[in-house]
Protein chains: 2
Amino acid sequence: MAFHKKEEFTQKEQDLAAFAKAMSHPARISILKMLAQRNECICGEIVDVLPLAQSTVSQHLKELKNAGLISGTVEGPRSCYCINWKAFEKFNSEFNTLFNNLKIKNEKACC
Amino acid sequence: MAFHKKEEFTQKEQDLAAFAKAMSHPARISILKMLAQRNECICGEIVDVLPLAQSTVSQHLKELKNAGLISGTVEGPRSCYCINWKAFEKFNSEFNTLFNNLKIKNEKACC
DNA sequence: ATCTTATATCGCAAATATACGATGAATATG
DNA sequence: CATATTCATCGTATATTTGCGATATAAGAT
């Protein structure tokens with residue numbers, strides 16, 4: 001009974017939360033950073049850089065892919081990933097709508 | 001052995017991840033939205049709006065406070081919360097540095 | 001002083017996340 | 001064909017998160 005009440009919130013709230021969740025681990029931030037910098041797709045170089053086992057990195061990549069933040073294709077025996085910029089655009093616009101627009105009006109804090 | 005390897009990443013990566021984590025639940029997004037819209041501090045109105053028990057809401061508020069996204073003060077028997085805009089500014093600038101600046105250069109996707 | 005109201009905290013149960021090693025699948029390379 | 005390489009997935013252990021009810025706390029009202 002009564003766990004996982006996420007579906008009781010609006011779709012936008014859930015989407016924003018899902019995006020944030022995908023970024024809620026330093027390893028995944030680090031992966032995104034690498035992909036953003038190199039543009040060209042990368043595979044197991046990520047494993048070499050991160051202080052994590054290969055299987056763990058693979059799991060993080062899967063989560064990012066499921067959340068839609070990256071896309072990946074198989075290239076023979078290796079896998080190639082890159083950032084899905086559209087998802088970042090969407091997040092940015094929703095984030096700004098929610099917070100940054102309001103910020104301008106309500107700069108004065110109360111507590 | 002070998003859980004919680006978060007401290008092996010850079011401080012910026014950890015900070016960004018911590019901010020994202022604070023926003024990684026629709027209830028907390030919803031709370032932040034309310035606080036952003038009303039500017040003026042709010043207390044247990046949040047409990048009335050959210051589909052969650054009072055103790056659960058209190059816990060979410062505590063997490064947001066610990067992450068530095070909101071600040072709260074006790075006002076007699078009630079508590080008053082509001083958004084910490086500075087934290088959002090910091091997140092926004094780090095997020096943009098990491099992703100949006102690079103986006104302009106590397107619009108062409110590879111996979 | 002007692003009662004009410006508003007909120008925080010504690011203790012618990014269930015779900016989810018994090019991490020690893022082992023194994024599997026698929027393609028190269030010898 | 002046998003073997004190595006690259007990566008995904010499975011199984012498992014532990015940690016963390018989410019949620020609730022019960023209880024504690026603290027100020028205001030009666």
Side-chain angles (χ1 to χ4, degrees), chain A residues 1-9 13-14 17-31 34-35 41-67 69-82 111, chain B residues 1-9 13-14 17-31 34-35 41-67 69-82 111:
Chain A
M1 354 26 221
F3 297 174
H4 221 202
K5 288 208 157 183
K6 297 185 181 168
E7 52 304 318
E8 307 222 13
F9 295 89
E13 286 164 353
Q14 290 183 56
F19 190 96
K21 186 174 203 162
M23 298 209 313
S24 72
H25 193 287
R28 293 197 288 272
I29 295 281
S30 187
I31 290 172
M34 283 184 71
L35 293 178
C41 308
I42 311 193
C43 52
E45 299 168 291
I46 299 167
V47 176
D48 294 337
V49 173
L50 297 192
L52 295 170
Q54 177 266 321
S55 59
T56 308
V57 172
S58 203
Q59 234 176 308
H60 282 305
L61 284 166
K62 191 181 173 187
E63 276 177 77
L64 287 170
K65 200 174 170 183
N66 285 343
L69 302 214
I70 66 176
S71 51
T73 47
V74 185
E75 265 194 14
R78 42 199 92 205
S79 284
C80 162
Y81 289 98
C82 65
C111 51
Chain B
M1 355 26 179
F3 299 172
H4 223 201
K5 287 207 156 182
K6 297 185 181 167
E7 53 304 317
E8 307 223 11
F9 295 89
E13 285 164 354
Q14 290 184 55
F19 189 96
K21 185 174 202 162
M23 299 210 310
S24 73
H25 194 288
R28 293 197 287 272
I29 294 280
S30 188
I31 290 171
M34 284 184 70
L35 293 178
C41 308
I42 310 192
C43 51
E45 298 168 291
I46 298 167
V47 175
D48 295 337
V49 172
L50 297 193
L52 296 169
Q54 178 266 322
S55 60
T56 308
V57 172
S58 202
Q59 236 175 308
H60 282 305
L61 285 166
K62 192 182 172 188
E63 277 178 75
L64 287 169
K65 200 174 169 184
N66 285 343
L69 301 214
I70 66 176
S71 51
T73 46
V74 184
E75 265 195 12
R78 44 198 91 205
S79 283
C80 164
Y81 289 98
C82 64
C111 52

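Sequence lines set the chain letters: A, B, ... in the order given, protein chains first and strands last, and positions in each chain run from 1.
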Close residues, residues 54-66 of chain B, relative to DNA chain C [heavy-atom separation under 4.0 Å] = Gln54(B), Ser55(B), Ser58(B), Lys62(B)
Side-chain N or O of Arg28(B) less than 4.0 angstrom from OP1 or OP2 on dT18(D)?
-> yes
Spacing between Glu45(A) atom CD and dT5(D) atom P, to the nearest angstrom | 17 Å
Are any of the side-chain heavy atoms of Ile42(B) and Tyr81(B) separated by less than 4.5 Å?
-> no
Rounded interatomic separation in angstrom, taking CZ from Arg78(A) and C1' from dT6(D) | 7 Å
Under 4.0 angstrom between Lys21(A) side-chain N/O and dT17(D) OP1 or OP2 = no
Rounded to whole angstroms, how far apart are NE2 on His25(B) and P on dA15(C)?
-> 15 Å
Scanning both residues in full, the closest heavy-atom pair of Ala22(A) with Ala67(A) reads CB-CB, 3.6 Å
Can you sort out the partners of Ala18(A) under side chain to side chain contact (heavy atoms under 4.5 Å, CB included), two or more places apart, ordered by chain and number?
-> none
Between CD of Gln14(A) and P of dT18(D) the distance, given in whole Å, is 14 Å
Scan residues 43-67 of chain B for pairs that pass salt bridge (Lys or Arg N to Asp or Glu O under 4.0 Å), counting only residues two or more places apart or in two chains.
-> Arg28(B)-Glu63(B), Arg38(B)-Glu45(B)
For Leu35(A), the option from Leu64(A), Leu69(A), Ile70(A) that meets side chain to side chain contact (heavy atoms under 4.5 Å, CB included) | Ile70(A)
Taking side chain to side chain contact (heavy atoms under 4.5 Å, CB included) as the test, write out the residues that go with Ser58(A), two or more places apart.
-> Gln54(A)
Heavy-atom pair of closest approach, residues Ala27(A) and Leu50(A) | O-CD1, 4.1 Å
Across all chains, not counting sequence neighbours, the side chain to side chain contact (heavy atoms under 4.5 Å, CB included) partners of Pro51(A) are Glu8(B), Phe9(B)
State whether Tyr81(B) places a side-chain N or O below 4.0 Å from either non-bridging phosphate oxygen (OP1 or OP2) of dA6(C).
-> no
Value in whole Å for how far the C1' atom of dC7(D) lies from CG of Leu52(A) = 16 Å
Search all heavy atoms of Ser79(A) against all heavy atoms of Cys43(A) and return the closest pair with its distance.
-> O-CB, 2.6 Å
Give the rounded distance in Å between these two atoms: CD of Glu75(B) and C1' of dA6(C).
-> 12 Å
N/O-N/O pairs, protein side and nucleotides 25-30 of chain D side, under 3.5 Å:
none

Let me know the distance between CD1 of Ile42(B) and P of dT7(C), rounded to the nearest Å.
-> 11 Å
